[in-house]
Amino acid sequence: MNISIVGSGYVGLVTGACFAELGNKVSCVDNDSKKIKGLAKGIIPIYEPGLKELILSNAKKKRIKFTSSIKEAVGASEVIFIAVGTPSLDNGEADLMGIENVARNIAINMQGYRLIVEKSTVPVETGQWVKHTIHSYIKHNIKFDVASNPEFLREGQAINDFMHPDRIVIGVESKKAKDILTSLYKPLNAPMVVTDINSAELIKHASNSFLAAKISFINAVARICDKVGADVVEVAQGMGLDKRIGRAFLNAGIGYGGSCFPKDLDAFIHISEKLGYDFSLLKAARGINQQQKAFFLNKIKDVLWIIKDKTIGVLGLAFKPNTDDIRSAPSLEIIKALQDEGAKIKIYDPQAQDKGKEVLSNVKFSKDAYALSRGCDCLIIMTEWDEFKELDLAKIKKLLKRPIIIDGRNIYEPRQMQKLGFHYVGIGRGRDSKK
Ligand code: UGA
């Protein structure tokens, strides 16, 4: 099929590359012409394992191209995906200006039947607004369909998530739209949920909010574990073996970040309020997530006592491993709070340092975990990169001024760390010992 993806951000690029890999002809559109020029030369603006290779090989086969002309893309494709950003406004509401703008431009440039598919995460009833917008701006009596096809891919494993999804959700209003989308996704051989547009939009918001609430739940349990000397990792294991609960997303830590959960929770809370429902459960989940950062800071203070003039080595900036994304990363807030108290900050992250340099000041970046550790009063772990799990801890111990590790992602075993002579503090791993 000839497909256009409007918006060459995270979701747009991964979707475009994967549809091309499945044999479709894809035009990726973005109004950032610098980005488009770069993409045409093989410069990929984000770090995502496997994405660059996929884009380059499909560009070679002429199955993917990049343009800043929405007119050209609309002219060439029967199916147009909207994958532009929906950032948060100050009141938490999703900013749908980008979506409206694209819908308008599609309408103006449409010459024949088109299926317009929302891929961006949007509040319920956005599809109806997109339909209304297209109707208002369309020139002739051209037929079109609007559909919702939310994306569930995770950063860091996006290609695999796209190619092997747990489910594909399609919200449609006509048989034609259903047939086009089901045949487009047929090669993936995944379970499909075909429903109405509002339900499809809600599936996305409800899924992200549920996962975020699951994380906040285990973070709250971790607080109790610390008070009574229980181990949250074992509690999660015991809970997770119950198939109704499942082990995934029960990792306690410094809270969720990224470009999705914080924004989507805000948007879902906001739209619920607008519809006359106070979604207090989600407000509590959001509150716990916020407190988790303060809780981690207190752990650091409990060990170091005075923060001023202490050199703190930060392992990990990204909001999760295998990405260079630091949007709403808990690490940023924690680093700033430590700086406010007078700490000297050193940082090492395998991928996110360049992005970190753009937003952090008065920090030193190190070339690896060993260079980072030299002369630090303690190490704090903010991202569970695999390479941190494989560090030579005996070497790290020698390099540190004091053998202290405060682990916001529970990547080490407390007993093992104690044996190695560390003062090790995790999240919900039992009562923290004072030294
Ligand atoms: C999330 C969803 O998982 C995807 O299904 C969805 O498509 C995406 O949002 C989106 O809406 O675009 P993503 O934000 O890439 O994906 O990352 P996750 O793997 O979900 O992690 C989100 C945050 O939760 C991270 O900060 C991570 O460290 C944290 N987390 C995750 C925990 O603290 N504990 C866990 O057990 C799991």
Side-chain angles (χ1 to χ4, degrees), residues 45-49 155-156 253-255 257-258 293 296-297 299-301 303-413 416-417 420-427 435:
I46 48 170
Y47 171 76
E48 175 65 33
E155 289 188 22
I254 47 176
K293 288 168 259 193
F296 186 65
L297 271 170
K299 279 186 180 272
I300 302 172
K301 285 187 199 167
V303 179
L304 292 182
W305 186 31
I306 305 293
I307 299 293
K308 191 166 168 22
D309 292 335
K310 296 276 162 43
T311 303
I312 298 181
V314 176
L315 274 177
L317 264 190
F319 82 100
K320 63 182 234 177
N322 299 323
T323 178
D324 62 349
D325 198 342
I326 56 168
R327 287 176 288 176
S328 299
S331 61
L332 299 181
E333 220 173 289
I334 292 165
I335 288 168
K336 284 180 184 149
L338 289 169
Q339 284 181 318
D340 285 347
E341 301 224 10
K344 294 176 188 145
I345 302 289
K346 286 174 78 180
I347 299 173
Y348 170 64
D349 186 289
Q351 289 295 339
Q353 301 205 161
D354 287 346
K355 298 227 159 120
K357 283 174 191 160
E358 291 168 16
V359 296
L360 292 167
S361 46
N362 291 326
V363 298
K364 275 194 187 145
F365 288 92
S366 303
K367 70 173 189 345
D368 58 28
Y370 303 104
L372 174 89
S373 303
R374 194 180 297 279
C376 283
D377 289 283
C378 81
L379 280 188
I380 60 175
I381 299 172
M382 309 260 226
T383 318
E384 66 277 32
W385 284 94
D386 277 347
E387 75 170 69
F388 299 166
K389 296 176 189 164
E390 286 149 18
L391 291 174
D392 178 345
L393 291 167
K395 190 170 162 186
I396 295 277
K397 189 172 165 236
K398 278 191 198 139
L399 291 164
L400 286 168
K401 214 189 279 175
R402 293 166 70 193
I404 300 171
I405 296 186
I406 305 167
D407 181 357
R409 297 294 186 177
N410 288 343
I411 64 174
Y412 300 125
E413 268 312 306
Q416 191 66 21
M417 295 303 280
L420 286 168
F422 281 98
H423 182 178
Y424 175 77
V425 175
I427 304 281
K435 258 207 166 163

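Throughout, residue positions are numbered sequentially from 1 according to the sequence presented.
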Identify the heavy atoms of [X] and [Y] that sit nearest to each other, and give their distance.
{"X": "V303", "Y": "R402", "answer": "O-NH2, 4.2 Å"}
{"X": "V314", "Y": "L372", "answer": "O-CD2, 3.8 Å"}
{"X": "P330", "Y": "G257", "answer": "CD-CA, 4.1 Å"}
{"X": "L317", "Y": "G356", "answer": "CD1-CA, 3.7 Å"}
{"X": "R327", "Y": "F319", "answer": "O-CB, 4.2 Å"}
{"X": "I427", "Y": "D407", "answer": "CG1-O, 3.6 Å"}

Using a 3.5 Å distance criterion without hydrogens, assess whether the side chain of [X] forms a donor-acceptor pair with backbone atoms of [Y].
{"X": "Q339", "Y": "S361", "answer": "yes"}
{"X": "K320", "Y": "G258", "answer": "no"}
{"X": "N410", "Y": "G426", "answer": "no"}
{"X": "T383", "Y": "A318", "answer": "yes"}
{"X": "D377", "Y": "I312", "answer": "no"}
{"X": "K346", "Y": "A371", "answer": "yes"}

Using the side-chain contact (heavy atoms from CB on, under 4.5 Å) rule, pick out the option among I306, I307, L304, I300 that qualifies with E341.
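The single option meeting the side-chain contact (heavy atoms from CB on, under 4.5 Å) with E341 is I307.
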Pair R409, I254 - check side chain to side chain contact (heavy atoms under 4.5 Å, CB included), show working.
CA-CA 7 Å; R409 297 294 186 177; I254 47 176; 3.7 Å; yes
Within 6.0 Å of [atom1] in [X], more than 12 heavy atoms from elsewhere:
{"X": "N362", "atom1": "CG", "result": "no"}
{"X": "K389", "atom1": "NZ", "result": "yes"}
{"X": "K364", "atom1": "NZ", "result": "no"}

Report yes if the side chains of F388 and Y348 come closer than 4.5 Å at any heavy-atom pair, otherwise no.
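Answer yes - side chains close enough.
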Below 4.5 Å, heavy atoms only, C-beta onward: do L400 and L379 meet side chain to side chain?
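Heavy-atom side-chain distance check passes, below 4.5 Å.
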Interatomic distance, [X] atom [atom1] to [Y] atom [atom2] [nearest 0.5 angstrom]:
{"X": "L393", "Y": "S373", "atom1": "CG", "atom2": "OG", "result": "9.0 Å"}
{"X": "Q351", "Y": "Y47", "atom1": "CD", "atom2": "OH", "result": "4.5 Å"}
{"X": "D349", "Y": "F365", "atom1": "CG", "atom2": "CZ", "result": "9.0 Å"}
{"X": "S331", "Y": "L315", "atom1": "OG", "atom2": "CG", "result": "11.5 Å"}
{"X": "I405", "Y": "Y424", "atom1": "CD1", "atom2": "OH", "result": "8.0 Å"}
{"X": "F296", "Y": "I406", "atom1": "CZ", "atom2": "CD1", "result": "6.5 Å"}

Derivation of the side chain to side chain contact (heavy atoms under 4.5 Å, CB included) call for V363 and K357
CA-CA 8 Å; V363 298; K357 283 174 191 160; over 6 Å; no
